[in-house]
Each structure stands twice: as structure tokens, then as C-alpha cells.
Amino acid sequence: MDMDALSHLMGEDLSAASYADIWVCAPDPADLALVGEARRLADSLGCYVHAVLADGDLAERAIAVGADRVHVVSRPGEFLLAQHPEFALFPVAKAHAAARAAQHHRAGLISDARFLSVDDTTRALLGAYPVYGGDYLVEAAITSPAKFATLDPRQLPEPYADTGRSGEVVADDFSAPEPLVRNAGPVDYTPAAWRPLQKARRIVAVGRGLKDAAGFALAQQLAEKLGAEIAGDRSAEDMGWIGEERVVGLTGQEVGPDLYLAFGVRGDTLHNAAIVRAKHVVAVHANPAAPLLAVADEAVAGDPAAVLRQLLERLG
Amino acid sequence: MNIVVILRAVKDPAGLTVNRKAQKVFVNREQYLFNPSDRNALEAGLRLGGRVTVVALGGAPAEQVLRDARAMGAAQAIRLPDAALQRADAGVLTAVFSRLLDRLGGADLVLAGAECLDADLAQVAPRLAQALQRPFIGQAHQLSVTEGTLSVVAAHGRGFRRLEADLPAVVAVAVDSNKPRYAPGQNLINIFTDPAAVETLTAADLELGEAELTPVVELRGEAFPPEREPGKRLDGDVVGQLVDLIRRA
Ligand SMILES: Cc1cc2nc3c(=O)[nH]c(=O)nc-3n(C[C@H](O)[C@H](O)[C@@H](O)COP(=O)(O)OP(=O)(O)OC[C@H]3O[C@@H](n4cnc5c(N)ncnc54)[C@H](O)[C@@H]3O)c2cc1C
Ligand SMILES: Nc1ncnc2c1ncn2[C@@H]1O[C@H](COP(=O)(O)O)[C@@H](O)[C@H]1O
């Protein structure tokens, strides 16, 4: 019997000595980037990396990117309540499960953490996270015996996969308790004050430069593929492509996504001022003098519809 | 039905200037706002009917928020003025609110905002649910209660779904999910001239110990993302470069 199960039988032991290793909650394939991050931290600490997966097919890849032990369970977040992680990493999509597990272990939690590291002497977990929508970051140190962070897998580098790495898939005897919340299925609902762009991490913006409905349809396909929200400038509203709630501009919505991809948007002052919080702006416009091209991080002077068509092909 | 709504007076970003070159955040005006999603949480609580108690931490800004809430219709307001709680992390706040709930004799429903303007950590409500061993529902847009069962329309991915749980429960209410009412002018006058409109309780009253009040998250300073570099024109295989960019962002 391992120490974890033993201490659990003897009742909750929240002392530092009972907490060990880095545990990663990774229900989605993209979350394996967190396993790579855990590996980086573990190499400097000299401890094991446990990957907790919902899908057994990902086990081999989890080991290749750095897991020493793989646990495959129906509800990874719930499983982590019953372990004793010294460090636990959750994807931001599982923020609630992370908060609940952190509370269970009396752990500090840094949400949406960047630049994680561990203080060698105190073993405090150090990280920074964005405040006021990313205007700046606050650096925090967690000093509890168990230390938690949520991470956005898209902010992390592609993990290095070594198919020669060895690791073990552990057979856990774990049955998740009945959830306290019942899911009664999807509902068709539109909030009264609907602002779909407000929290969007990715936005595909369209403008008159896309020319016609066929061009707009390509942009919609790209948005679908990227899990992005569709938006546009006033001209896109005039074309009947988008509603008022999706118009980007100082007189419409101000946005701050991680990625703003604009096709055929000319970019006047009101529009460009409303995207200053966007972390990365890419613009494609046929007119090399379109103001947005000067503002964008990456600009392409070319036919937006043609670029979209090729982009969709390449993304597969 | 007893409903407790947790409110926060949050520093107004309009009073701050972030200067990346100077690597500093300047506080031009120290001003506070009723955290927007907390106002939605209060509105949701008032619409459900029942008795609504509002709680907040801090000094004058918390007092202001609580008086606004009373004028909107909350029956009782409690302020925790301890200066030490200004450094509270999410775990300490959870201890404070769960002890306060005990003291109030429990609540059928605890409501909080789903996000804060400053550090949007989304921790207090789910932590509180865990501490109380109650169901938690986040990003709630519409709430109804029938015979002790809570039914919530909650945002899920890019759509919505219906979630159900037995009361008592903890719910975090989404910003913009409803249109908060204005307080009638006469209520505002009455509440703002009533010295007893807001009660105060201290951490000592709640018999919270040193350990429960000690944060485990220390804030060590600010960091600034690099200035955006001037845009660059792509040429050559632009589509290939865009694919790389999208995969990385
Ligand atoms: C810049 C900054 C960085 C911080 N970093 C951390 C950190 O890394 N880890 C950490 O544990 N704490 C941190 N704190 C402390 C943090 O403010 C509190 O832990 C708390 O506000 C976070 O609650 P939350 O995660 O639920 O916040 P949010 O998700 O932002 O708030 C959700 C809801 O919880 C309720 N609520 C939250 N805080 C309060 C409060 N103080 N009074 C009344 N109601 C409240 C409100 O209803 C609110 O709408 C930080 C504070 C600041 C100002
Ligand atoms: N309230 C403010 N908002 C933005 N920038 C400021 C503010 N006050 C000073 N600065 C700038 O910050 C830099 C350092 O200022 P100081 O900290 O006063 O030495 C200088 O470039 C100032 O112009």
C-alpha cells in the first residue's frame, strides 16, 4: 500500500510531509502541455510527475512528454481530492475543480499562472497572473504544503516528446462520488444583455474587404475551426453579416482577446482604439495603406478571401 | 428562503494608469466600484424572493456598496472591517465567509459574482462550496427554485445548459446575466441616513484563529508584459506563417 492511501485511511493529514510530487489534471489532449511544464519543474526539484487523464489513449503521449506515472480515471479533478500533491497543475478550463481541490488541501492557488518556478529552499511555488484583463501581472508566492496553479495550455510551449521515455500506467481503485450537480442538457438561451465578445480569447473579425457572403462564410468557417467568436467593424454590420453586439469599436465593443484575426477590416481610429488590449493582432487587407495593417503585429497586404481559403486548407 | 450575497468593493481601473516603461502602476484616484458581477448576483437573489443578506469586507468602500445593496432591497447588511482581511487570500476569505454563514444560522443559497474586475481568480465561490460540502454552479445566468431544487441556466462553452442541484447551494452569477435594478430614491435617502443600516462584525467576533487568518498566497509585486513591437509585414509563404501564428497564440 502506498503512503497516500495509508494516510488517507488514517484520516486527513494536511502536514507538509504527506504531500509529494507534481500532479497534473489533464482531461483534454491539449492539457498535455501542462505535463511538459510539470516535467520542467520536476527536473529542478527531483520529484515525480503524475498525469491524471480521463482518456487512456493519451497515456503513451503523456509519458513521452514527461509523466512518470499515469492515472486514468473518470473524473480527474475529483481523483485529485483523494491524492496528496505537493504541486498540482490544472488547465484553466477546470478552474472550478482546481479551486475545490485546493480548498480540500488548504492549498494556495494561482489562477491563470505564467512563469511558474519553485523556490529551491522554501519550495514555495512562484508565478505571475494577469489582473485587470491583462494590463499587468501580479507576482505571487504560495507557501502552503500543497500548492496549486491553473495554466492555459495555449500559453505553454509545445511539450518535447521523447518516445523512449519510460513511465508506468497505474491501475487506481477509484470510484468518483455522485456529482452534487445534475446536468439537464443544453438549452437555447440568449441573455438579455448579451456581449459575446467580452470574454472571447480568440476573435475572427470581418470587414467590407471580404466583399461578399461567400467571403464571409470562409471567415465563419475559420472561427468555427478555431473556437473563435465572429466580430467585425461597422461595415460588416452594414453588410448584414453581424449584429450590433459583435461590432468592434469605441462606439461598439472594446475587446482584449489573445488573438485578433482581421480579414478585410480597414481599421479606422474608432476600431483600432477598441483593440488595444488584444494581445496579438493579425490583419489581412487588399489595400497596403489600410490603417489596421500599420497597427497589427503581423500584417498581410493581399486578398483576404484568398488568404482565408488557403488558410482553411492548410489548417485541415 | 435565506439568501446570502457576497459583495466586493473593487478598485476602479479608471483610477489607475499602467506605465509599462516606468514598470509601475500609478494610482491617480483611489476610487472603488461595486464589482459588476456582484451587482448581477444581488439582482438574481432579489428576484428569487426570500430574505437577502449582503456581506462585504473592508472600510468606507465596502460600506458604500452595502448601503447601495440595502437600498436595492437587501434586508440585512454585514461589514467585516478588519484591516488584516485586506491581505486575505481566497482560502482566508473562504474561512471567513463559512464562519459568518454559521453565525447567521446558515443560508439556503449563497450567491457571489462569477468574476472580479481586478484579480479574476474565480476561487471564493467554488472554495466555499467545497468547505460547506454543497453543490457549486458557476457562470449562472438564470436561477429558479422549486420545492428545494435549484435550477440554473449556466454558460457552457459557447452555449448554455441547464444545471440542477438541491439546496443549500453556492452559485456564482455571470456578469451581464440580468439588468440590476436601480434603487428607488426614497430608499437611498432612508438607508443613507440610517446609521444602523449596516452591521459590523470582526474576525474576533467570528472566533477565527491565527491559522485561518494567515494567507498562504503572498503578493510580491508587479510584472509588465513587454510593449507591443511595431507591426511587421509578412511576405513569402504568408499562409504558412499565419498557420504557425495561430497554433502558437
Ligand atoms: C492584485 C491582486 C492579486 C491577488 N492574487 C491572489 C492569488 O494569487 N491567490 C489568492 O488566493 N488571492 C489573491 N489575491 C487576493 C484576492 O483578492 C482574494 O483572494 C479574492 O478577492 C479572490 O477571490 P476570487 O478568487 O473568488 O475572486 P473573483 O473570482 O475575482 O471574485 C468572485 C466573487 O467572489 C466574491 N469575492 C471575492 N473576493 C472578495 C472580497 N475580498 N470580499 C467580498 N467578496 C469577495 C465576490 O462576490 C466576487 O464577485 C489577490 C488580490 C489582488 C488585489
Ligand atoms: N499618474 C501617472 N500615470 C502614468 N504615468 C506616470 C504618472 N506619474 C508619473 N508617470 C510617469 O512614470 C515615470 C516615472 O515617474 P516617477 O515614478 O514619478 O519617477 C515618468 O515617465 C512619469 O512621466
Side-chain angles (χ1 to χ4, degrees), chain A residues 95-96 99-100 102-104 106-111 115 128-129 131-132 134-144 154 180-189 191-195 198 202 226-227 258-259 261 279-280 282 293-302 307 310-311 314-315, chain B residues 13 16 18 20 25 89-91 94 117-123 126-127 129-131 134-138 141-142 151 153 156 158-165 175-179 215-225 228-229 231-234 238-243 245-246 249:
Chain A
H96 295 151
R100 291 185 48 222
Q103 182 60 28
H104 178 82
R106 304 291 182 274
L109 165 59
I110 305 179
S111 307
F115 319 120
Y129 62 90
V131 294
Y132 291 112
D135 276 355
Y136 61 100
L137 305 165
V138 170
E139 292 169 327
I142 302 182
T143 54
S144 42
R154 288 180 311 207
L180 296 175
V181 176
R182 302 176 289 277
N183 183 356
V187 288
D188 198 10
Y189 176 73
W194 194 36
R195 295 200 290 164
Q198 221 44 33
R202 293 170 164 210
L226 301 182
D258 295 334
L259 182 62
L261 285 165
K279 291 187 193 68
H280 206 94
V282 178
L293 296 190
V295 172
D297 298 283
E298 272 89 16
V300 178
V307 171
Q310 293 170 42
L311 197 51
R314 288 277 267 276
L315 286 167
Chain B
L16 307 176
V18 179
R20 290 186 184 175
V25 180
D89 62 11
T94 303
L117 277 181
D118 57 355
D120 183 15
L121 306 173
Q123 290 188 31
R127 274 181 183 265
Q130 179 68 25
R134 290 183 185 177
F136 168 74
I137 296 176
H141 277 251
Q142 273 200 332
S151 173
V153 174
H156 178 63
R158 296 167 74 206
F160 290 86
R161 60 181 177 178
R162 183 174 300 283
L163 299 172
E164 289 169 356
V175 71
D176 286 341
S177 57
N178 55 34
K179 202 164 180 304
V216 296
V217 180
E218 263 172 51
L219 303 186
R220 295 200 168 163
E222 287 118 17
F224 297 83
R228 173 173 295 166
E229 287 173 21
K232 84 171 183 268
R233 297 274 165 147
L234 302 184
V238 295
V239 174
Q241 294 173 65
L242 291 181
V243 169
L245 271 170
I246 289 170

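Just so we're on the same page: letters track the sequence lines, and every chain starts at 1.
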Counting heavy-atom pairs closer than 4.5 Å to chain B, which one of A/A102, A/A301, A/G185 comes out on top?
A/G185

Could you tell me which portion of A/A107 (side chain, backbone, both or neither) has an atom closer than 4.5 angstrom to a non-hydrogen atom of chain B?
backbone

Select, from A/I142, A/D258, A/V181, the one with the greatest count of heavy-atom pairs under 4.5 Å involving chain B.
A/V181

State, to 0.1 Å, how close B/L219 and A/A140 come at their nearest heavy-atom pair, and which atoms those are.
CD2-CB, 4.0 Å

Checked A/Q310, A/E298, A/R154 vs chain B; the most non-hydrogen pairs under 4.5 Å come from A/E298

Which one of A/R202, A/R100, A/R195 has the most heavy-atom pairs closer than 4.5 Å to chain B?
A/R100

Per-residue contact mode, B/A131 against chain A (heavy atom under 4.5 angstrom):
both

Between A/A95, A/A128, A/G302, A/S144, the one whose heavy-atom pairs under 4.5 Å with chain B are most numerous
A/S144

Which atoms of B/V153 approach chain A - backbone, side chain, both or neither, heavy atom under 4.5 Å
side chain

Taken to the nearest 0.5 Å, the spacing of A/E139 CD from B/R220 CZ works out to 9.5 Å

Quick one, B/R134 and A/L180 - any side-chain contact, counting heavy atoms below 4.5 Å?
no

NE2 of A/H96 to CZ of B/F136: how many Å apart, nearest 0.5 Å?
4.0 Å

Does any backbone or side-chain atom of B/V25 lie under 4.5 Å from a heavy atom of chain A? Answer side chain, backbone, both or neither.
side chain

Once you round to the nearest 0.5 Å, how far does CD1 of B/I246 lie from CG of A/L261?
5.0 Å

Chain A heavy atoms under 4.5 Å from B/T94: which part of the residue, side chain, backbone, both or neither?
side chain

Distance (rounded to the nearest 0.5 Å) between B/R161 CZ and A/N183 CG:
5.0 Å

Side chain to side chain donor-acceptor pair (under 3.5 Å) test vs A/Q103 passes for just one of B/Q123, B/Q130, B/R127, namely B/R127

For B/H156, which atoms come within 4.5 Å of any heavy atom of chain A: side chain, backbone, both, or neither?
neither

Measure across B/A122 and A/A99 and return the closest heavy-atom pair with its distance rounded to 0.1 Å.
O-CB, 4.2 Å

Donor-acceptor pair, B/E222 side chain versus A/Y136 backbone, under 3.5 Å?
no

Once rounded to the nearest 0.5 Å, what's the spacing between atom OH of A/Y189 and atom CD of B/Q142?
3.5 Å

Among A/V307, A/V282, A/L293, A/D188, which residue has the highest count of heavy-atom pairs closer than 4.5 Å to chain B?
A/L293

Can you tell which part of B/V238 gets under 4.5 Å to a heavy atom of chain A, answering side chain, backbone, both or neither?
side chain

Under the side chain to side chain donor-acceptor pair (under 3.5 Å) test, residues paired with A/R314 that sit two or more places apart:
B/D237

